[in-house]
There are 2 protein chains.
Amino acid sequence: MARRSDHTRNELHELIITTAIRIIDDEGFAALSARKISGEIGYSAGTIYNVYKSMDDLIVTINARSLDIMASQIKSLPHSVGQTPCDQLKAMAKIYLNFVHSHKERWFALFTHRLPAGHSLPDDFTTKITALFAPIERAILSLYAESSTTGSSKDAKLAARTLWASVHGICFIDQSGKMPLVSTQYDASNMVNCLIDSFVAGLRA
Amino acid sequence: MARRSDHTRNELHELIITTAIRIIDDEGFAALSARKISGEIGYSAGTIYNVYKSMDDLIVTINARSLDIMASQIKSLPHSVGQTPCDQLKAMAKIYLNFVHSHKERWFALFTHRLPAGHSLPDDFTTKITALFAPIERAILSLYAESSTTGSSKDAKLAARTLWASVHGICFIDQSGKMPLVSTQYDASNMVNCLIDSFVAGLRA
DNA sequence: TTTTTTATTGAACATTGTTCATTATTGTGC
DNA sequence: GCACAATAATGAACAATGTTCAATAAAAAA
C-alpha cells in the first residue's frame with residue numbers, strides 16, 4: 001500500500017510519541033518496540049522510521065518531554081515570598097519525587113537510556129537539564145544571603161548540583177527495588193527530608 | 001557433537017562469568033550476549049543455559065560479584081582509630097567512586113538491570129546490599145557520640161541510607177553524561193566532598 | 001489527463017534470548 | 001573389555017528485536 005492522508009506529519013509525530021509514552025507507562029520501558037507502537041496506531045513499523053531517525057531518536061524525544069514536564073511544574077511553583085530557602089528546596093524536591101512516583105517507567109527511561117557509542121545528546125536536551133538547576137541555585141544563594149554565610153556563586157552551583165544529584169540518587173535507590181527498605185521509615189520522602197535538613201543546616205554552619 | 005571434559009562444572013561457571021565481565025568492561029553492557037560469551041570460550045550458546053537459568057540469572061550473579069568487590073574493599077579499609085567520622089565516610093565514598101570509575105560498565109549493569117516482572121532478586125543479593133550499610137551506620141553513630149548530639153539508632157540508619165543513596169546519585173549523574181558539567185569543579189569527587197562536609201556538619205548542628 | 005513527487009508498506013536481514021531433540025562422550029555394572 | 005545408562009554439548013529452530021529499502025499507490029503538480 002502507500003500514501004494516505006489520515007494524519008499530517010505533525011499529527012503522526014504526536015501520535016507516535018503519545019502512544020510510545022502510553023506503552024512505557026502501562027507496560028514498562030522494556031515493552032516499548034517499533035512494531036508495538038505502529039500496530040497500535042494502525043501503521044506499519046517502517047512508518048516510525050519515516051518520522052524518527054531511529055528508536056533511540058524517539059526515546060530521546062520522549063525523555064526531553066519528561067524534562068519539560070518537570071521544568072513546567074517547578075516554574076508554576078507558588079512564589080517564594082515568605083518561604084525559607086529550605087522550604088523552597090523541599091518543594092522542588094517534592095516535585096521531582098512526585099514525577100518519579102507517578103511516572104516510574106518514564107523516569108527510568110530518562111536516566112537509563114544511553115545512545116550508542118559515538119552519538120551524543122542534542123544540544124537542547126542538555127540545555128533543558130541545565131535550566132532545571134537554575135531555581136535550585138537561586139534558593140541556595142538566598143540561603144547564603146539570609147544566614148550571612150560567605151558563599152560565592154561558584155559554591156552555589158556546586159551545592160545545587162550536589163543536592164540535585166543526591167535527590168536523584170535517593171529516588172533511584174527507592175525505585176530500583178535493590179535496596180531492602182526494612183521499614184517505611186526509609187522511604188524516599190523521609191530520606192529527602194533528612195538530606196535537605198542536614199545539608200542546609202550544614203551549609204549554614 | 002556432545003559431552004566433553006575440557007572443564008569441570010565449576011570451571012565452566014567461572015569461565016562464563018569472567019568472560020562476561022570482560023565483555024562488559026571492554027565492550028559495554030549492551031554488547032553482552034549469550035552467543036558472544038559462548039563463542040569466546042569455545043562452546044555453543046546452549047551451554048550457557050546449561051550452567052545459568054537465563055541471561056538475567058547470569059547478570060544477577062555478576063552484579064552480586066560487584067557488591068562483593070566493594071564490600072571487601074570497605075572491609076580492608078585501615079582501621080578508624082584517629083580518624084574523624086567525617087573522614088571515615090569520605091574514605092568509604094572514595095571506594096565507591098573508585099569502583100564506578102574503574103568499572104563504569106559493570107556499575108551501570110549493577111544498577112540498571114531489572115528482572116522481568118514477577119521475578120525477584122535472590123535473598124543473598126539484598127543481604128549483601130544491607131551489609132554495605134553497616135560501616136556507614138557505625139560512622140554516623142560515632143559521629144553522634146562525638147558531638148553529644150542526640151541521635152538514635154533509627155536516626156543513624158536513616159542518615160546512612162540517605163547519605164549512601166546521595167553518593168550513588170552523584171556517581172550516577174556524573175557518569176551518565178546527561179548532566180552538562182560546565183567545569184571540572186563539578187565532578188563527582190568534588191560533589192561528594194561537598195555533600196559529606198555539609199551533611200555531617202548538618203547532623204552535628 | 002499525464003506526470004511527478006512522496007508517503008506507506010511489507011518483505012528482508014542481522015541479531016537477540018531461549019528451548020529441545022539429537023548425539024557423542026563419559027562413567028557404571030558385569 | 002563390553003554393553004548399557006547417564007549426561008553434557010550441540011545446533012537447528014522459534015519468536016521477537018531494530019533497521020533498510022525497492023515497490024507501490026495515492027496525492028499534488030503540470
Side-chain angles (χ1 to χ4, degrees), chain A residues 1-17 19-21 23-24 27-63 105 108-109 112-119, chain B residues 1-17 19-21 23-24 27-63 105 108-109 112-119:
Chain A
M1 307 194 183
R3 194 168 177 182
R4 297 154 30 177
S5 49
D6 301 4
H7 302 97
T8 68
R9 202 77 180 173
N10 276 350
E11 283 173 341
L12 210 44
H13 228 93
E14 199 60 23
L15 197 53
I16 290 172
I17 285 225
T19 306
I21 288 177
I23 293 169
I24 292 176
E27 305 171 37
F29 184 39
L32 186 69
S33 80
R35 283 175 180 85
K36 192 165 223 158
I37 298 170
S38 59
E40 209 156 295
I41 63 176
Y43 282 81
S44 82
T47 296
I48 307 274
Y49 290 84
N50 235 344
V51 179
Y52 291 96
K53 281 213 320 263
S54 63
M55 274 287 117
D56 283 321
D57 184 28
L58 171 59
I59 293 168
V60 168
T61 308
I62 291 171
N63 287 345
E105 291 293 323
F108 185 81
T112 64
H113 177 256
R114 300 196 293 179
L115 291 173
H119 297 226
Chain B
M1 306 190 185
R3 193 170 178 182
R4 296 153 32 179
S5 48
D6 300 5
H7 303 97
T8 68
R9 201 75 178 176
N10 276 350
E11 281 173 345
L12 209 45
H13 228 93
E14 200 59 24
L15 197 54
I16 290 173
I17 286 223
T19 306
I21 288 178
I23 293 169
I24 292 176
E27 305 171 38
F29 184 38
L32 185 69
S33 79
R35 283 176 179 83
K36 192 166 223 155
I37 299 170
S38 60
E40 209 156 296
I41 63 177
Y43 282 82
S44 82
T47 296
I48 308 273
Y49 290 84
N50 236 342
V51 179
Y52 291 96
K53 281 212 320 262
S54 63
M55 274 288 115
D56 283 321
D57 184 27
L58 170 59
I59 293 168
V60 168
T61 307
I62 290 171
N63 287 345
E105 290 294 323
F108 185 81
T112 64
H113 176 257
R114 299 197 294 180
L115 292 172
H119 296 227

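Keep in mind it's a predicted model, so treat the numbers as computed, not measured. Residue numbering restarts at 1 for every chain, and letters A, B, ... go by the order of the sequence lines.
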Review point. Between the base of D/dT7 and the side chain of B/Arg9, is there a donor-acceptor distance below 3.5 Å?
Key: no
Practice item. For B/Lys36 and C/dA14, give me the distance from atom NZ to atom P, rounded to whole Å. Key: 17 Å
Review point. Quick one: A/His13 NE2 to C/dA7 P, roughly how many Å, whole number?
Key: 14 Å
Practice item. Enumerate the residues from residues 38-55 of chain A whose closest heavy atom to DNA chain D is under 4.0 Å, giving them by residue number; use none for an empty result. Key: A/Tyr49, A/Ser54, A/Met55
Review point. Between B/Asp6 (CG) and C/dT25 (P), how many Å, whole number?
Key: 12 Å
Check your understanding: Can you list the residues that meet the side-chain contact (heavy atoms from CB on, under 4.5 Å) rule with B/Thr61, with sequence neighbours excluded?
Key -> B/Ile17, B/Tyr52, B/Asp57
Practice item. Please state how far atom CD1 in A/Ile59 lies from atom P in D/dT17, giving the value in whole angstrom units. Key: 13 Å
Practice item. Answer yes or no on whether A/Arg114 is positioned over the face of B/Phe108, meaning its NZ or CZ is under 6.0 Å from the six-membered ring centre and within 45° of the axis. Key: yes
Review point. Within the structure shown, what part of the strands sits under 4.0 Å from A/Leu58 by heavy-atom distance: base, sugar-phosphate, or nothing?
Key: nothing
**Study point:** Integer-rounded Å distance: C/dT8 C1' and A/Ile16 CD1
**Key:** 12 Å
**Study point:** Set of residues satisfying salt bridge (charged side-chain N to carboxylate O under 4.0 Å, His left out) with respect to B/Glu40, sequence neighbours excluded
**Key:** B/Arg22
Review point. Once you round it to whole Å, what is the distance between P of D/dT10 and CD1 of B/Ile37?
Key: 14 Å
Review point. With sequence neighbours excluded, what pairs up with B/Tyr49 under the side-chain contact (heavy atoms from CB on, under 4.5 Å) test?
Key: B/Ala34, B/Met55
**Study point:** Under the side chain to side chain donor-acceptor pair (under 3.5 Å) test, residues paired with B/Asp56 that sit two or more places apart
**Key:** B/His113
Check your understanding: What integer distance in Å separates B/Arg35:CZ from D/dG11:P?
Key -> 12 Å
Practice item. Look at all strands and tell whether B/Leu32 reaches a base, only sugar-phosphate, or nothing, counting heavy atoms closer than 4.0 Å. Key: sugar-phosphate
Practice item. Check side-chain contact (heavy atoms from CB on, under 4.5 Å) between B/Asn10 and all other residues, then give those that pass, not counting sequence neighbours. Key: B/Thr8
